[in-house]
Structures are given as structure tokens and as C-alpha cells.
Q: 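I have a structure I would like to understand better, so I am pasting it below and will then ask my questions one at a time.
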Amino acid sequence: MIEHAPNLAAVSGPSALDVSVVVPTFNEALNIAALAEEICRALESASLRGEVIVVDDDSPDGTGRIAEELGRRLPVRCMVRRGRRGLSSAVLEGFAASRARVCVVMDADGSHPVETLADLVRPVLEGTADITVGSRYVAGGGSEKWPLLRRVISRGAGLLALGVARLSDPTSGFMAVRRDLLEGLPLDPVGWKIVLEIVVKAHAARVREVPIVFRDRRAGESKLSAKAQLQYLQHLWRLYAFRFAGLFRFARFCLVGLVGMVLDMATVAALKETLGLDTRLCAVAGFAIAVSSNYLLNRAWTFRDRSVRGIASYPAFVLVSLAGLSVRIGVMHLFIVTTALDQGRGYLLVNFFGIVAGTLVNFAGSSLWVFPRRS
Ligand code: GDD
Ligand code: MN
């Protein structure tokens, strides 16, 4: 359930406000009033028309009530979520409640410098960037006297994300973003790193880093648990899977193919050992078993997000597999007649090249024809 304070900042049109500063809170009764006042003052002195949206998860210390009170004299709105917890989902609900041109997310504990707020908002408002991210690790940025271990963890966490986002400080948690950019994004409210989530999902966006000096929290306790740090790894995994979806899919496809090969071998061996059939006949049965298992696994796993044309996709997959086999043999033939590779143990390499070519054909056929993209 979400409750809105009745007195919203006088919003007249859809873009009447320049900026909504979303502040997620859980037990920040000691910090929220001072922060909200500072934000409002900073916006005013930068001539920005803005509001603060506090998204409180029904804090037992009464943060929500304090924020509602603030709304009587300041452009502060308070949304209270009951029975739910989660930093990222709170931030996204705050963004969804905004009608301003730019959304900012900012911690309630004073860690993110209010003095930098306008520097973060300006480029987005003026259209020279789609997203700005506060960074401790660019010239002019930094953090207060942190113990070595915390610095190492923070740096390490940032480095792990380099493969999905070119950010020097993806975990700072302080960002501004053009609101209409958010609307089309498939955002997952997992974990704590909503900044990283948005930057990765909006990978065509123009991102600029703004130096910040990260301060220690003023009062109260951090809510970042060990569990949240583990969730970060899980979140990263998902972001890599999103960013490199094709590569991940191909890896799944190859794994399925490997399982198929083992089943193929096992079938041949079983038939040979028990019935003593002709090896070529055994191979046909092995192929049939492998193709069927490949079909089922690819359908259920590799291409689980794709459309399936019912049972008709099975003969299609068999056809593609046969085409792959032909290409494999063809490629091997080419190597054998044009090179001297097929001598000694070289046949292994020839076979390997054949498998690679066949797999590529199988993958292309499966991806484009058997399990096509949903239209
Ligand atoms: N609504 C809501 N729900 N807010 C939450 C929740 C929640 O479940 N958990 C935390 N918050 C709020 C806090 O009240 C605070 O305003 C902000 O989210 C950040 O939480 P902190 O407890 O201050 O976390 P931190 O200081 O350990 O982490 C901050 O710094 C990290 C960099 O060192 C965050 O900004 C992280 O995103 C950042 O990585
Ligand atoms: Mn903090």
C-alpha cells in the first residue's frame, strides 16, 4: 500500500518540475529532516524547481511520520510502503511517482554530498547527458577515512562490474537520470545497485561521471548486510547475462550439445554391448536419441524465452541437425582434400573444425528458425 501526503509540490503540467530527488529510507529518523531541508535549500539556490520523494518502508523509528510532517512546509512527499522491504524497489517506486524531467536517487544518511546535487542534475536537464553518476574515483572525488578492507571491497565491487558498464564507481548509489529514459527499460528491482541496473539496461545512454566526496553516515546504522553483498554478485551475474545474452545462449547451446554427445555414445555402447547390432545402425539410434534430448533441453533451457511452434519445431530441429551434420562432413572434406592436416593425429583437428562449423550452423538454424524471436 502506498500513501501519498496530500500537499504535493504545486505540479501544474507534466514537466513542471525539473527534478524529483528520491530518498529511500529505513530507520533514518535522525537524518531525514536535516537532509530534506538541505536538499530543498540546494535546489532553491541553484534555481531548480524540485521536490523530495521519501520512500519509506514503514520504518519502526517513525521516519515516515517525520517525512510527512516535513511535507507541510517543504516540497516533500512521503510514500510509505507497508509489508515490503527493498532498496531498489523503493527507488523505482519513487521514480514512478515522479513527474519531473529528471530523477535523482540519494541516500538519506548524508553520505551523498548535497553540494553536488546541482552538478548532477544540470547535464541531464540541459540534455548533454542522459545519466550522471556520482563517483568517488574520478579526479576531485573521494571518500572519508575508510578502513583499508572497506576500500578494497568497494574497489573490488566496482572492478567486477567493468565488463557491463564503463563506470569508475558503479556502487556509489548517487545518480541523476532523465525520467523518460526510465520508462522503456526492463528494470529488475533486485539487490542494492539500482544505479548499475539502470546504466546497464540503458546501455545506449550517454553517461557522465561527476566527482563526489562520499561522507560517513551522520547517524544511525548501515543497512547493507553481508547478504546484500552476496546478492550483489547474483545481480552482477544477471547483468552480464543481460548484456551478453547471445554469448550466454551459445554457451548453453554448446553444453546441451555436449550432453547429447555423451548420450549418443552411451546409446551406441548399450546397443552394441547388449544386442551386438551393426555399429552403423547403433550410430543412427545414437543420433536419434541425441537429437531428441538436444531438442528438449534447448527448448526448455537454451531458448526458454523464445516462441515455440508446438510439436512442428521438432522435425524442424531434426532438419537443422542434419544440415549441421552435412556442413560438418563438408568442411572436413574440404580440409582433407585441400590440406595435409588429416595425417597422423591431425584427423582430430579436422574433426574439431567440422564440429565447430556444424555447431554454428545448428545454432544459427535453431536461433533463427526453430526457436525464433517472439514477434
Ligand atoms: N525504503 C528503503 N528500504 N530504504 C532502504 C532500505 C530498504 O529496505 N535499505 C536501506 N535503505 C536506505 C537507507 O535508509 C539509506 O537512505 C540508503 O538506503 C542507503 O542505505 P545505508 O544503510 O546507508 O547503506 P550503505 O551506506 O551501507 O550503502 C550506501 O553506500 C554504498 C557505498 O558504500 C548505498 O548508497 C549503497 O548503494 C552504496 O553502494
Ligand atoms: Mn549509508
Side-chain angles (χ1 to χ4, degrees), residues 1-3 21-36 38-39 52-64 66-67 77-97 104-114 116 120 133-137 141-147 149-161 165 167-175 189-199 212-233 235-236:
M1 192 181 83
I2 298 170
E3 291 166 6
V21 181
V22 172
V23 181
T25 56
F26 191 74
N27 286 347
E28 300 287 1
L30 297 173
N31 295 315
I32 189 61
L35 182 84
E38 284 170 18
I39 294 174
V52 177
I53 302 180
V54 175
V55 189
D56 184 62
D57 285 356
D58 202 14
S59 301
D61 75 350
T63 306
I66 298 173
R77 290 201 256 167
C78 180
M79 299 163 62
V80 177
R81 310 195 305 163
R82 294 192 208 285
R84 261 178 317 141
R85 277 285 308 271
L87 180 51
S88 286
S89 65
V91 173
L92 290 182
E93 283 192 30
F95 285 172
V104 169
V105 55
M106 191 167 183
D107 286 356
D109 59 359
S111 285
H112 295 150
V114 176
T116 330
L120 223 61
V133 179
S135 172
R136 293 162 281 191
Y137 306 124
S143 49
E144 281 184 343
K145 45 178 186 354
W146 274 14
L149 182 67
R150 192 168 173 201
R151 281 207 306 268
V152 169
I153 291 179
S154 170
R155 271 302 207 170
L159 288 177
L160 287 178
L167 284 178
S168 68
D169 190 6
T171 65
S172 78
F174 191 19
M175 88 178 320
V190 284
W192 274 51
K193 302 303 166 207
I194 191 63
V195 171
L196 191 58
E197 174 76 19
I198 291 172
V199 170
I212 59 164
V213 176
F214 196 96
R215 285 192 288 253
D216 288 334
R217 75 161 36 243
R218 287 189 188 137
E221 288 168 8
S222 166
K223 283 98 210 169
L224 183 66
S225 57
K227 191 175 145 216
Q229 303 196 18
L230 276 181
Q231 269 175 0
Y232 174 63
L233 296 179
H235 188 196
L236 269 184

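Residues: numbered from 1 along the sequence shown. Just the heavy atoms: all of them, side chains too, but no hydrogens, waters or symmetry mates, feed the values below. Order of appearance sets the numbers: ligands from 1, and atoms from 1 within every ligand.
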Q: Can M106 be said to touch ligand 1, with heavy atoms closer than 4.0 Å?
A: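 In this structure, M106 fails to qualify as a contact of ligand 1 - no heavy atom is under 4.0 Å.
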Q: Starting from atom 37 (O) of ligand 1, what is the nearest protein heavy atom, named by residue and atom, and what distance separates them?
A: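 Here the closest protein heavy atom is K193 NZ, 3.5 Å.
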Q: Does V190 reach the side chain of Q231, with side-chain heavy atoms less than 4.5 Å apart?
A: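 No - every pair of side-chain heavy atoms lies 4.5 Å or more apart.
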Q: Any ion pair linking D107 and R217 (charged N to carboxylate O, less than 4.0 Å)?
A: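 Looking at R217 and D107, the cut-off is not met.
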Q: Looking at E144, I'd like to know if its CD atom is crowded, meaning that more than 12 non-hydrogen atoms belonging to other residues, nucleotides or ligands lie closer than 6.0 Å.
A: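 Atom CD in E144 is packed in, count exceeds 12.
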Q: Under a 3.5 Å distance rule, please check whether S89 uses its side chain to pair with a backbone N or O of P189 as donor and acceptor.
A: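 Judged by distance alone, no pair lies under 3.5 Å.
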Q: Please list the nearest protein heavy atom to atom 13 (C) of ligand 1 with its residue and the distance rounded to 0.1 Å.
A: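 The closest heavy atom on the protein side is E28 OE2, 3.2 Å.
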Q: Which of the atoms of ligand 1 are close to D107, meaning less than 4.0 Å from one of its heavy atoms?
A: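 Every atom of ligand 1 under 4.0 Å from some heavy atom of D107: 16 (O), 17 (C), 19 (C), 29 (C), 30 (O), 34 (C), 35 (O).
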Q: Which atoms form the tightest heavy-atom contact between A108 and V23, and what is the distance?
A: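 Heavy-atom minimum between the residues: CB-CG1, 3.5 Å.
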Q: Could you check whether any heavy atom of R84 sits closer than 4.0 Å to an atom of ligand 1, since that is the contact criterion I want to use?
A: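 So R84 does not count as touching ligand 1.
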Q: Where the side chain of H235 meets the backbone of I194, is there a donor-acceptor pair that is under 3.5 Å apart?
A: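 Not a single qualifying donor-acceptor pair exists.
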Q: Any non-hydrogen side-chain atom of V114 less than 4.5 Å from a side-chain atom of M106?
A: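 Result yes, sub-4.5 Å side-chain heavy-atom pair found.
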Q: With atoms numbered from 1 as shown, which atoms in ligand 1 lie under 4.0 angstrom from a non-hydrogen atom of D109?
A: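 In order of number, 23 (O), 26 (O).
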Q: Quick test: of every protein heavy atom, which one is nearest to atom 25 (P) of ligand 1, and how far off is it to 0.1 Å?
A: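 In this structure, atom 25 (P) of ligand 1 has S222 OG, 3.7 Å as its nearest protein heavy atom.
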Q: Please compare I194, N31, V23, T25 and report which has the shortest non-hydrogen distance to atom 2 (C) of ligand 1.
A: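 The residue whose heavy atom sits nearest atom 2 (C) of ligand 1 is T25.
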Q: Quick check against the 3.5 Å criterion: does D56 have a side-chain atom that pairs as donor or acceptor with the backbone of T63?
A: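 No; zero donor-acceptor contacts below 3.5 Å.
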Q: Could you tell me, atom by atom, which parts of ligand 1 come under 4.0 Å of a heavy atom of G86?
A: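 Ligand 1 atoms under the 4.0 Å threshold to G86: 3 (N), 7 (C), 8 (O).
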Q: Can you tell which of R217, M79, R85 gets a heavy atom nearest to atom 9 (N) of ligand 1?
A: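 Heavy atom nearest to atom 9 (N) of ligand 1 belongs to R85.
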Q: Considering non-hydrogen atoms of the protein only, which is the closest contact for atom 30 (O) of ligand 1, and what is the distance?
A: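 It is F214 CZ, 3.4 Å.
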Q: Determine, step by step, whether V133 and S172 satisfy the side-chain contact (heavy atoms from CB on, under 4.5 Å) criterion, reporting the C-alpha distance in whole Å, the side-chain angles of both residues, the deciding distance to 0.1 Å, and the verdict.
A: CA-CA 8 Å; V133 179; S172 78; 3.9 Å; yes
Q: What atoms of ligand 1 come closer than 4.0 angstrom to any heavy atom of R150?
A: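 Per the distance check, 33 (O).
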Q: Quick one: which ligand 1 atoms are inside 4.0 Å of a heavy atom on A90?
A: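 What qualifies from ligand 1 is 1 (N).
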Q: Would you mind running through ligand 1 and noting each atom that sits below 4.0 Å from a heavy atom of S172?
A: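 Result: 35 (O), 38 (C).
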Q: Where is the nearest protein heavy atom to atom 18 (O) of ligand 1: which residue, which atom, and how far?
A: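 The answer is L87 CD1, 3.2 Å.
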Q: Strictly below 4.0 Å, N to O, side chains only: are R81 and D57 in salt-bridge contact?
A: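 Looking at D57 together with R81, the answer is yes, because their closest N to O distance falls below 4.0 Å.
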Q: Are T171 and R136 close enough that some pair of their side-chain heavy atoms sits under 4.5 Å apart?
A: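 Yes, side chains in contact.
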Q: Record the part of V55 in heavy-atom contact with ligand 1 below 4.0 Å; permitted values are side chain, backbone, both and neither.
A: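 Backbone only; the side chain of V55 stays clear of ligand 1.
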Q: Output yes when the distance from some N or O of ligand 1 to some N or O of K223 is under 3.5 Å, and no in every other case.
A: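 There is such a contact, yes.
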Q: Is the ring pair F214/W146 parallel, tilted or perpendicular, if the boundaries are 30 and 60 degrees?
A: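 Rings of F214 and W146: perpendicular, over 60°.
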Q: Can you pull out the closest protein heavy atom to atom 31 (C) of ligand 1? Residue, atom name and distance to 0.1 Å, please.
A: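 Checked against all protein heavy atoms, atom 31 (C) of ligand 1 sits closest to T171 O, 3.8 Å.
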Q: Tell me the protein heavy atom at minimum distance from atom 24 (O) of ligand 1, and give that distance in Å.
A: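 Nearest neighbour among protein heavy atoms for atom 24 (O) of ligand 1, to 0.1 Å: W192 CZ3, 3.3 Å.
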Q: Between Y137 and R155, is there a side-chain heavy-atom distance shorter than 4.5 Å?
A: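 Yes; the side chains approach each other to less than 4.5 Å.
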Q: Hey, which N, O or S atom on D109 ends up closest to the Mn ion (ligand 2)?
A: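 The Mn ion (ligand 2) is closest to the D109 atom OD2, counting only N, O or S.
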Q: What residue and heavy atom of the protein are closest to atom 3 (N) of ligand 1, and at what distance?
A: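 Heavy-atom neighbour on the protein nearest atom 3 (N) of ligand 1: D57 OD2, 2.7 Å.
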Q: Which of the numbered atoms in ligand 1 are under 4.0 angstrom from any heavy atom belonging to W146?
A: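 Checking each atom against W146, I get 33 (O).
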